[in-house]
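Quick note: residue numbers are just sequence positions, from 1. Whatever order the structure lists them in is the order used to number ligands and atoms, beginning at 1.
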Amino acid sequence: MSEKQPSIKFIDFPLSSVIRIHPDQISHLKKLNLHTVGDILRHFPTRYGGTSEAQYVKDLIVGQSATIYGRIGKLKTGKSFKSHKAMAEGIVSDNTGSLKVVWLHQPYIAKLIQEGSLVKVTGKVTKRGEYNGMMNPEIESVGVLPDQIGHNLFAGSEQPIEHFSPVYPETKGVTSKWIYHTLQRIFKNPLFETIEDPIPTEILKKYNLPGLVTSLIWIHTPQKESDAQVARKRFSFEEVFYIQIKNQQVRAAAQKEKAYVIEPSSKHLKEFTDRFPFALTESQKKSTKDILDDFKKGTPMSRLLEGDVGSGKTAVAATTAYGVVTTRPKNKESKTQDFGNLQVAYMAPTEILAKQHFESFITYFKHMPISIGFISGTGCRKFPSKVNGGGLGGNRGTSGNNGWTDISRAQLLKWVKNGEIAILIGTHALIQKTVEFKDLAYVIIDEQHRFGTMQRQKLARKHNVTPHLLSMTATPIPRTLALTLYGDLDLSLIDQMPTGRKPIITEIITEPKREATYEKIKQELRDGRQVYVICPRIEEADPDKEQALNVKSVVEEAKRLKEKIFKEWNIDILHSKMKPKEKDAVMGQFEKKEIDILVATSVVEVGVNVPNATIILIEGAERFGLSQLHQLRGRVIRSNHQAYCYVLSDSKSDKTVERLKALNTAKNGFELSEIDLKLRGAGELYGGKQWGITDIGMEAIKNIKMVEAARNEAQIIVKEDSTLSAYPILKQTIDTKREIHFE
Ligand code: ADP
Ligand code: MG
């Protein structure tokens, strides 16, 4: 890093090579992830502080911070009256009045600024004798003002002044002004012009996008608004384009690999599904068929199964898994042991969810000679509990715990490796190196949006033969986002709910109706139902702490409900700061109906299944996206009892209430996600930076044409040249791009 060899690209130069870094700044720069020239070039302004913020001197209010533009005069240096400290002072005037500015300890300022020049001054307004004043304000020479500014400033016009000074995400010691000056140095460096554009010129031309160097100048120092817009457009296109290239590469590579051919007999499949206590919906049948068709091809499947909460994805997973675990690997036809079949790995994002899948798979498979394992960071389990080589004679579900037993990790890993355990279900622990399979043929990932592409692929690539991959999600996301994030996957949709489900009654509740709502809930409790109360997350670092103070917390709210509202009912809490064991215990009690009301954070959002819980009350709903509220609501459409969702919002704004009303008007989760995208901005889609796409990239997500263009171009390039040999800079950029993580 220290030597400036010609082979190091300008964008990789450390910042200290272009500007002197004060020792105090080092840690602050680190906080903003600013290490190299490239980092700061891509530290984009969040907005441009126009002079709409600037005030006239006559309008200044003592005690408030303000920015004014004016001409500076009467500059002088000297010693302060009382303390004899070095100081500088001057008078800044616009056509409405004058302001005295004083810099204590900073006499050199008077030398930096020219008498009579135009300046921008920002500081807190104080009273200084006959004048208003500012103590130690920030001052910046604005050179010759464009006509309009001059006109406005000195002719008394009230029109806002056009001026684009970029405002950056900043931190102590790294101000927008400092960033701006550093960028000016970079722009003046002769090497700046040598930065190469990874996007092929033909593509830029085709879509009228500016080149990289121009875009960088325009985004940081636009002369007019359209410059900034065009530059942002380029960077948002670029981000989506890179993701698409990577996805297309993954897809192309997968299609070259070999996978097990799996062709279960339809007779056996029918026998398996005939045992279900319900008939599969047409959507479930169609999705199952999509998967089984892929299984026949000999190349690995990469498929996304998308279906609303409660649409029955687990049954599809189980049916297709059945096809796999009853198939013998091609090269091992000789029947020596009865556990020589292909294996399935099933990964879920949380411990609670993984355990629920383990339980439901036991129910689906307990009539068969199949061993099922469970693995997480906290422990391992095996079904059936009796260790007997997986035959039928073991304990298959007579005991209270559905027939499984705790086993040691070492023992589990041994059985996974020798193939005795046919289906391994678990959390992230599944992708650890130590977990080796004998013949892993099928990987199922639930709620896959929580895992990055690379995590997905890591599990898939664990073997010589690439396993088939099924990603499942109930998170409805806008089409543009799906195309971008999952460009490497084929899609199956379950767009139909099992019959007999009553539509959930959703009500937006404002404060005056709170008590009446509690009464309704009490009635349901008396009828034997159970309730979730959701409070906005408090356990995870909250970016806007001030708001967090007003937000209901799980612990406090549970206490309040017990003391004041639901005295005679059992109440407990669930949140992600609890230990896995505690969470399990609480979930277990809730399932057994030892708890009537579960006050929780959105940890219950993903996949938790307690059919008797038919009411969900969501506090602080304005803090959740519509898709997330829809997900939460999904917790209570698990049975044929009438379900209720009460959405409470402290927000007085009509806009918020309008937005929440969409929960009743939108047809499905997809529609809600589109509304989220429009109303809340993509950055907030489904809660923050979950998707790993930057704010600027998200601008593209709002624009289906741009996403399609990026996808088309990426497809063309990768189809002709999947290793990007003809595009060295693009290749390097893509290869060094960090994998996005989603947790
Ligand atoms: P999700 O798609 O949210 O993962 P699940 O697979 O957990 O949904 O299914 C939700 C519930 O619906 C489960 O209790 C399951 O047994 C039941 N179920 C699944 N398919 C059907 C069906 N076709 N008819 C009736 N109930 C079904
Ligand atoms: Mg599920």
[X]: heavy atom below 4.0 Å from ligand 1, yes or no?
X      : result
Gly307 : no
Pro277 : no
Ala474 : no

With no hydrogens and no angle check, do the side chains of [X] and [Y] hold a donor and an acceptor under 3.5 Å apart?
X      : Y      : value
Thr320 : Tyr442 : yes
Asp446 : His357 : yes
Glu351 : Ser376 : yes
Ser283 : Thr281 : no

Answer yes or no: does an N/O atom from [X] fall short of 3.5 Å to an N/O atom of ligand 1?
X      : value
Phe278 : no
Gly312 : yes
Ala279 : yes

Ranking Met497, Lys313, Glu282, Gln284 by closest non-hydrogen atom to atom 20 (N) of ligand 1, top hit is Gln284
In ligand 1, the atoms that come under 4.0 Å of a heavy atom of Thr281 are 23 (N)
For Thr314, the ligand 1 atoms with a heavy-atom partner under 4.0 Å come out as 4 (O), 5 (P), 6 (O), 7 (O)
Item checked: Close aromatic pair by centroid cut-off 6.0 Å: Phe295 and Tyr260 -> no
Report task. Measure the shortest side-chain to side-chain distance between Gln244 and Val707 over non-hydrogen atoms and say whether it is less than 4.5 angstrom. Result -> yes
- [ ] Give the intermediate values and the outcome of ring pair (Phe, Tyr, Trp, His ring centres under 6.0 Å) for residues Phe383 and Phe358.
- [x] CA-CA 9 Å; Phe383 170 88; Phe358 180 62; 7.5 Å; no
Counting heavy atoms under 4.0 Å, the part of Asp446 that contacts ligand 1 is neither
